[in-house]
2 protein chains.
Amino acid sequence: MIRVLVAEDHPIVRSGIVALLRAADDIEVVGEASTGLEAVQLAIGLAPDLVLMDLRMPGIDGDEATSRILAVRPLTKVMVLTTYDSDDSILAAIEAGARGYLLKAAPQEEILAGVRAVARGETALAPSIAALLVDRARSPAPRLSPRETQILTLVAAGLSNPAIAAALYVSEATVKTHLIHTYEKLGVNDRTRAVTRAMELGILRLG
Amino acid sequence: MIRVLVAEDHPIVRSGIVALLRAADDIEVVGEASTGLEAVQLAIGLAPDLVLMDLRMPGIDGDEATSRILAVRPLTKVMVLTTYDSDDSILAAIEAGARGYLLKAAPQEEILAGVRAVARGETALAPSIAALLVDRARSPAPRLSPRETQILTLVAAGLSNPAIAAALYVSEATVKTHLIHTYEKLGVNDRTRAVTRAMELGILRLG
DNA sequence: ACCCGCATCCACCGATCGGTGGATACCGGT
DNA sequence: ACCGGTATCCACCGATCGGTGGATGCGGGT
């Protein structure tokens, strides 16, 4: 019997997942969480074999919850079930230690098969996510340094280079140098495109 | 008996919704659609009292499906059930004629109550969407002209003003004038911020 | 010891940006 | 008839941007 904890913040979605799992002879739903923190607490308390984890939840996200769970209970299997969010958040969850990665768009039988596979110790990946990983292995996404990201965030907010320099207590020349490096890494040559490209890559978010 | 058609592309989510509705004595699920077009076809064929409509679906979106359904069967009630996407897509669905607007984050009882209220001819709104409408009535969101939107899209792609002028076969002065007006409407004074603000408002999308 | 990445800084210069303060013509609504 | 919005266009000018071609110091990994 595979003991499963379901972590999903939308009640209507969680009830669909729970009903699907309960209908299987070999799966037992031992708990339900509606926030990332609740998932961590219940995973530690109930010691399920597997946690079915959404990514976007109130409070801490699914990838942070995954890290925390595995820090205390390293044998717990985590399988992410999400709407496709961004490449960056998927990679964050995989880096956090999730073993399975399916999309809510998948047929229900595929979700059940994924739970069983991950419980056995195998890896379950949606085809689109497998393709993402192959693509990433082939050409790794650019990575910005913390300062480069910080400066690009201020560019996205509409600040000029002198204004950014004043805000960060550095010289304008420093800001320009970081931006030049950022443009090279992102393969662009204009600050507006640098911002939109970083959003496409999940490096920057709106707001 | 309220006859309901469920339009939702994710099988696991749709099964949760269907199970919830079937558990109610006064509601009958007469059909299920997984695309916007399928929703239109089934709504016309089955003539349900109410369509529970997701917004983001393969092919045509929920707001376009809503318009098409109401064009043929104007007495059909449409209630949108979605994850919060953007202000713009919510307003598009309301303009398309949806009478109810709830979020998947709502408790299941609230979803049932909303179905009943909309079936009776009332309006059901999630508190956050009610707040959005009040806010919009108070200070309407800026609207860009088609040309302004087109030029801003090219700005987001990294084109300079001379490059945009060449691409659109107009003068650079024309491009600059449109951008000045765009900055005024969005309350910004820099092209990068104009792009990120337009994205926040749902005027521009990534990619 | 060496190398790389990060963070910092400089001067110069051509190109671009944004604002000002104008202008015309067309279209649709009141 | 009038008005507002849209789309088009101009010259001028100060400020900013991006690229070039440099530089130093620090920390960590090999």
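None of the values given here were measured: they were computed from a predicted structure. A, B, ... follow the sequence lines: proteins, then strands. Residue 1 opens every chain.
- Distance CG/A/L102 to CD/A/E110: 5.5 Å, rounded to 0.5 Å.
- The distance from atom CG of A/L133 to atom CG of A/L125, rounded to the nearest 0.5 Å, is 6.0 Å.
- Note that OG1 of A/T196 is 4.0 Å distant from CZ of A/R193, once rounded to the nearest 0.5 Å.
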What are the atom names and distances for every N/O pair under 3.5 Å that joins the protein to nucleotides 23-30 of chain D?
none

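- The side chain of A/P146 has C/dA7 as its nearest neighbour among C/dA7, D/dT8, C/dG18.
- The shortest non-hydrogen separation linking B/Q150 to B/L168 is NE2-CD2, 3.5 Å.
- Nearest heavy atoms, B/L144 versus B/K185: CD2-CD, 3.7 Å.
- Judged purely by atom type and a 3.5 angstrom limit, B/K104 has no side-chain atom pairing as donor or acceptor with the backbone of B/L81.
- Phosphate proximity of C/dC6 to A/S145: absent, as no side-chain N or O sits under 4.0 Å from OP1 or OP2.
- Few gaps surround CZ on B/R191; more than 12 heavy atoms of other groups in view lie less than 6.0 Å from it.
- Looking at A/T174 and A/S171, their side chains do bring a donor and an acceptor atom within 3.5 Å of each other.
- Residue contacts shown for B/H181 are absent, as no nucleic acid heavy atom lies under 4.0 Å away.
- The minimum heavy-atom distance linking A/S34 with A/D9 is given by the pair O-CB, 3.2 Å.
- Taking every heavy atom of residues 157-171 of chain A and every atom of DNA chain C, pairs under 4.0 Å involve A/V170, A/S171, by number.
- Closest of all the heavy-atom pairs between A/A96 and A/T66 is O-CG2, 3.7 Å.
- Using a 4.0 Å cut-off, some side-chain N or O of B/H178 falls inside it from OP1 or OP2 of D/dT8.
- Looking at A/D190, its side chain does come within 3.5 Å of a backbone N or O of A/T192 through a donor-acceptor pair.
- Nucleotide C/dC6 holds its P atom 10 Å from the CZ atom of A/R143, rounded to whole Å.
- A residue-by-residue look at B/L144 and B/T174 shows that B/L144 has its nearest nucleotide of DNA chain D further toward the 5' end.
- In this structure, CD1 of B/I180 is placed 4 Å from P of C/dG19, rounded to the nearest angstrom.
- One can place CD of B/E148 at 13 Å from C1' of D/dT8, the figure rounded to the nearest angstrom.
- A donor-acceptor pair under 3.5 Å links the side-chain atoms of A/D49 to the main chain of A/R3, judged by distance alone.
- Listed in residue order, the members of residues 184-194 of chain B having a heavy atom less than 4.0 Å from DNA chain D are B/K185.
- Residue A/L179 places its side chain closer to D/dG18 than to any other of D/dG18, D/dC9, D/dA7.
- Rounding to whole angstrom units, CD of residue A/E172 and P of D/dT16 are separated by 8 Å.
- When the P atom of C/dT20 is taken as reference, atom NZ of B/K176 falls 12 Å away, rounded to whole Å.
- Atom P of nucleotide D/dC9 and atom CD1 of B/I151 are separated by 10 Å, given to the nearest angstrom.
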